[in-house]
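Data block below; observations after.
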Amino acid sequence: MAETTAHQELLDMNQVKIDPVWALRIPANLATRRQVLPFTVQDEKVLIACKDPDDDQSIQAVRRYITEPVLVVPAEPASLFLAVQRIFQDSVHWNGNQSEPVRIQFTGMQVDPESENIVAVGDEIFHAALIRQATDIHIEPTSVELRIRLRVDGVLDDYRQLPLAVHNPLLSRLKVMSGMDIAERRAPQDGRFTLSSDHNSEIDIRTATIPTKHGERMTLRLLATQTQDLTLGRLGMSDKDLASFERVIDRPNGLILITGPTGCGKSTTLYGAIRNLINRKSLNVITIEDPVEYVIDGVSQVEVDANDKVSFHKALRSSLRHDPDVLMIGEIRDEETAETAIRAALTGHLVFTTLHANSAVGAITRLADMGIKPFLIGAVSRMFAAQRLVRKLCQKCKVAYRLTEAESLLLARPELSGTIVYEPGGCRYCAGTGFMGRIGLFEFITFDREIARVVASRPDETHIQQLLTERKAPDLMDDSLEKLIHGQTSVEQIATVISPF
């Protein structure tokens, strides 16, 4: 007989991080008929959500597919019903280069990788990625197996291992979907296709292959085109920073630039800013991106062409002829693009863009290094921001403790030793990881007359930083420590993205 949890609080499945490795182990008809769902592993036991924990018949039916020890957890019936429906009754189709979309029906049945049903293997991988809300799928051949990994909340998780015999047929199918040459295995290729699903709207998938020692590997980037969650209030800005950011983007012209490493959420912040503006004003907004990550109704979005027929510089120069109020440039990559963006901001346009630099101050000197005259940087800049992403602690299981002396030195804040902070715990809601989602860390430089004058006369990073320090302007570490003390993230997460020295 299966073990039942003694904790009788009903599990809200809307807040649970469901692991597809276990959810897809049982057939769809069993899950929907019996309203049962294996969803994670905790303390070496598979947790099974069930609307009736005393329903031994249903649990025994699940045990035919799961041989590991199980623990039955009572779940709130309505949320369990929605979770089962989302996982097992979702249907998607993909739009590749074919004239008619091909429908894919997810049944939830466990796929036999030894079979020739490569279509089902691929569909299961996509389905698992949608369940976990993955941003990337990695298909990596090794000397002994084909490894499938999913990037979730910035961390790569192993999903499953398949026999090497699956490798070539699986990649051939994905190449066809992506519009690639299936006969070419010795050169890198890029492609794309779109998945549409009942519960996840449209997912734009960018694919890339590269030959390795053990065969081609493929990486699939999942770009969710829905924008309903792209609001500034969800990014993690403090109330003070959010109010300041909203004031700046409300100005009619100037340059707003966000810097940070790849994958830190810069574009998401800019999309949130654009959504904020078009919800309040009637504006002509044009974006130039590579690629278009989110589709926003009412915005003209231009995608840069890989063959350089439509480069950032060419698209930006052309867009100025279309009377835009707001321009968003996905990234400043060269001097030509930087100069055109500065000129656009100088001639009455509000320009949003991103740049690779280590800090907001570093972005100023980076523009100067690219050949932009310092007086122009000072004249057009309205706000420069630096951004990072860290994993957010699960609020149901975070554990309080006192910051050690070693940790306070690591953060370059020895005075904080002994302060109450939090670390990950691990519970059934967060799949035992202690984390749930991600949150942004921010620093802002709002340009006033004094900062603009200093930048125009001496765009030296040390000098500008000294001025900000004298003003006690908060930096990335200050924002990180505030989120650490409020239990939103951990010391380890901060240390992975910010160097205090």
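Position 1 is the first residue of the sequence, and the numbers go up from there. Please read all numbers here as calculations on a predicted model, not as lab measurements. Reckoned from all heavy atoms, side chains included, excluding hydrogens, waters and symmetry mates.
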Between Glu482 and Asp479 (side chain of the first, backbone of the second, donor and acceptor by atom type, cut-off under 3.5 Å), is there such a pair? no
To check you understand the geometry: which heavy-atom pair defines the closest contact between Leu277 and Leu350, and what is its length? CD1-CD2, 4.0 Å
Test side-chain hydrogen bond (donor to acceptor under 3.5 Å, both in side chains) applied to His313 and Thr340, step by step: CA-CA 7 Å; His313 173 60; Thr340 309; 3.2 Å; yes
Can you list the steps and then say if Thr404 with Glu407 is a side-chain hydrogen bond (donor to acceptor under 3.5 Å, both in side chains)? CA-CA 5 Å; Thr404 67; Glu407 288 174 327; 3.3 Å; yes
Of the non-hydrogen atoms in Phe435 and Cys430, which two are nearest, and what is the gap between them? O-CB, 3.4 Å
Give the intermediate values and the outcome of side chain to side chain contact (heavy atoms under 4.5 Å, CB included) for residues Val73 and Arg428. CA-CA 9 Å; Val73 181; Arg428 56 195 55 170; 3.6 Å; yes
Closest non-hydrogen atoms of Leu162 and Arg160, given as atom of the first, atom of the second and distance, are CD2-NE, 3.6 Å
Per salt bridge (charged side-chain N to carboxylate O under 4.0 Å, His left out), Asp157 is matched among Arg149, Arg132, Lys17 by Arg132
Could you tell me the separation between the CD1 atom of Ile445 and the CE atom of Met383, rounded to the nearest 0.5 Å? 10.0 Å
Near-ring test Phe384/Phe447, centroid separation under 6.0 angstrom: yes
Residues Arg206, Asp136: salt bridge by 4.0 Å N-O rule: no
For the side chain of Asp43 and the backbone of Lys45, is there at least one donor-acceptor N/O pair under 3.5 Å apart? no
What's the shortest heavy-atom distance between Thr337 and Leu316, and which atoms? O-CD2, 3.8 Å
Considering all heavy atoms, the nearest Cys50-Pro53 contact: SG-N, 4.2 Å
Hey, is Arg192 close enough to Asp204 for a salt bridge, meaning N to O under 4.0 Å? yes
Below 4.0 angstrom, N of the basic side chain to O of the carboxylate: do Asp290 and Arg333 qualify? yes
Count the heavy atoms of every other residue, nucleotide or ligand shown that sit under 6.0 Å from NZ of Lys281, and state whether that count exceeds 12. yes
How about Glu405: does its CD atom have over 12 heavy atoms from other parts shown lying under 6.0 Å from it? no
Looking at Glu303 and Val292, would you say the former's side chain and the latter's main chain have a donor-acceptor pair under 3.5 Å? yes
With a 4.0 Å cut-off, would you call Asp250 and Arg280 a salt bridge? yes
Test item: Thr40 and Ile18 side chains (from C-beta on) under 4.5 Å apart, heavy atoms: no
Any Lys/Arg nitrogen of Arg391 or Glu492 sitting under 4.0 Å from an Asp/Glu carboxylate oxygen of the other? no
Check Lys51 with Glu76, please: is the shortest side-chain N to carboxylate O separation under 4.0 Å? no
Leu80 versus Ala49, closest heavy-atom pair with distance: CD1-CB, 4.0 Å
